[in-house]
Amino acid sequence: MAEGLEGVVAAHTILSDVDGVGGHLVIRGYELDQLAERIRFAEAAHLLLDGFFEDLPDIGELDVQLGQARVEAFEYANVVNAIPPGLNAVEAVRALIARIPDGDNLKIALLLLAGVSVFTAAVARARRGMPLISPDPSLDHATDILRMMKGVAPTPEEAAALDTYLVTVCDHGLNASTFAARVTASTLAGLNSAVLTGISTLKGPLHGGAPGPVIEMLDEIGDASNARTWIEQAIDRGDRLMGFGHRIYRVRDPRADALKKAVRILGPHSGRLAHAEAVEAAALEILRERKPDRSLQTNVEFYTALLLEALGFDPDEFTCVFAMGRSLGWIAHAREQVANGRLIRPASIYIGPVPQIAA
Ligand code: SDX
């Protein structure tokens, strides 16, 4: 049996391909570097959803409908201050998503896509004791998200950096949360159920819950001269270094440099960048020394952490921002699963006790 289904093909997809040996990510026929920094999130939505909704409009109209969906989603955020304080950011966003009705049409798809973003901004403002800011449907998606988060219009560089991030993480083959979303979709449970499965799976620290702990690691290491000692002690404890290693990539994750470039464009955070680069170099060296038979490289989460911190999100909110982008992939894969797939129901080998034959 392949532990963790490693190497098992569970679907044919036209959505994305992850080449772990060559270090390439292809989304609907485009290499990542033809998309990141070049297209907006709404254009990525049009690219991924093309062919999966008969009523998908052209990109101009999709921008309008996504703006309207943000306005409609905001209505569901009206209970954000009643969310139990014990829930972390991604659990609070999940609770708000659960208020959206299930369904399998474009309206629900856009409401979910808008909802993850609107709810993240609402949860972030509520946790800071600040009044919610309603969407401006006339703005581009990334611009409006940052405006709802910060209360002021973002700079063009900030909006471009968030667009780059959302496009870069929107889809990535059959990762754990996308596979989980496909399992849910395969029972015809509906798009909301698939997104709720996706965000619940994404939040784990081995998956989309990793970027927050990257910041904690950088802060705990402090001066880069402490990096080797801190990292060696972590490896000796059997800890996983957050932001490193990948089930598929045996070379550097192509998304790492796309996001590192976006951090550079944001400018004033270059101090954190230099520190992170020094820690990254130490981590890669020690992983080579300690795990010589396993190619452990920098993954998407390492520079995600710096980018989202530079955009003003708390580490606890990073997974919500990941979900803002990846919810597009979950929805596209859910539609592909319903269109082409069967109920996903693998086999298992029973190794439990054998029933005692009644005397
Ligand atoms: C994402 O699948 C996707 O596409 C995911 C993703 C996406 O876009 O959806 O790319 C997003 O989830 C990126 C990964 C984010 N997670 C982290 O950064 C957490 C730290 N990384 C590890 O937990 C780990 O690398 C995984 C979970 C990402 C992958 O682990 P695998 O493939 O299951 O490998 P493994 O756990 O079986 O480890 C194999 C060996 C082990 O050594 P031994 O115990 O055999 O001696 O490699 C070691 C591990 O100890 N190892 C690490 C390590 N990752 C693997 N050791 C230290 N630090 C690490 N990060």
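Just so you know, these numbers use all the heavy atoms, side chains as well, and skip hydrogens, waters and symmetry mates. Counting convention: from 1, in listed order, for ligands and their atoms alike.
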* To do: Run the salt-bridge test on R240 and E301 with the 4.0 Å N-O cut-off and return the result as yes or no.
  => no
* Identify whether the distance between the nearest side-chain nitrogen and carboxylate oxygen of E277 and R264 falls below 4.0 Å. => yes
* Asked: With a 3.5 Å cut-off and no angle check, do the side chains of H24 and E31 form a donor-acceptor pair?
  -> yes
* To do: If a pair satisfies side chain to side chain donor-acceptor pair (under 3.5 Å) and one of its residues is in residues 113-126, list it, with sequence neighbours excluded.
  => S117-H141
* Hey, could you give me each pair passing ring pair (Phe, Tyr, Trp, His ring centres under 6.0 Å) that has a residue in residues 303-328? Not counting sequence neighbours. => none
* **Set of residues that line ligand 1, where lining means a heavy atom lies under 4.0 Å from it** => H172, N175, P205, L206, H207, A210, I235, D239, R240, L241, M242, G243, F244, G245, H246, R247, R255, L287, K291, R294, L296, N299, E301, R326
* Structure fact -> Those residues at least two apart in sequence (or on a different chain) that pass ring-ring contact (aromatic ring centres under 6.0 Å, His included) with F244 are F302
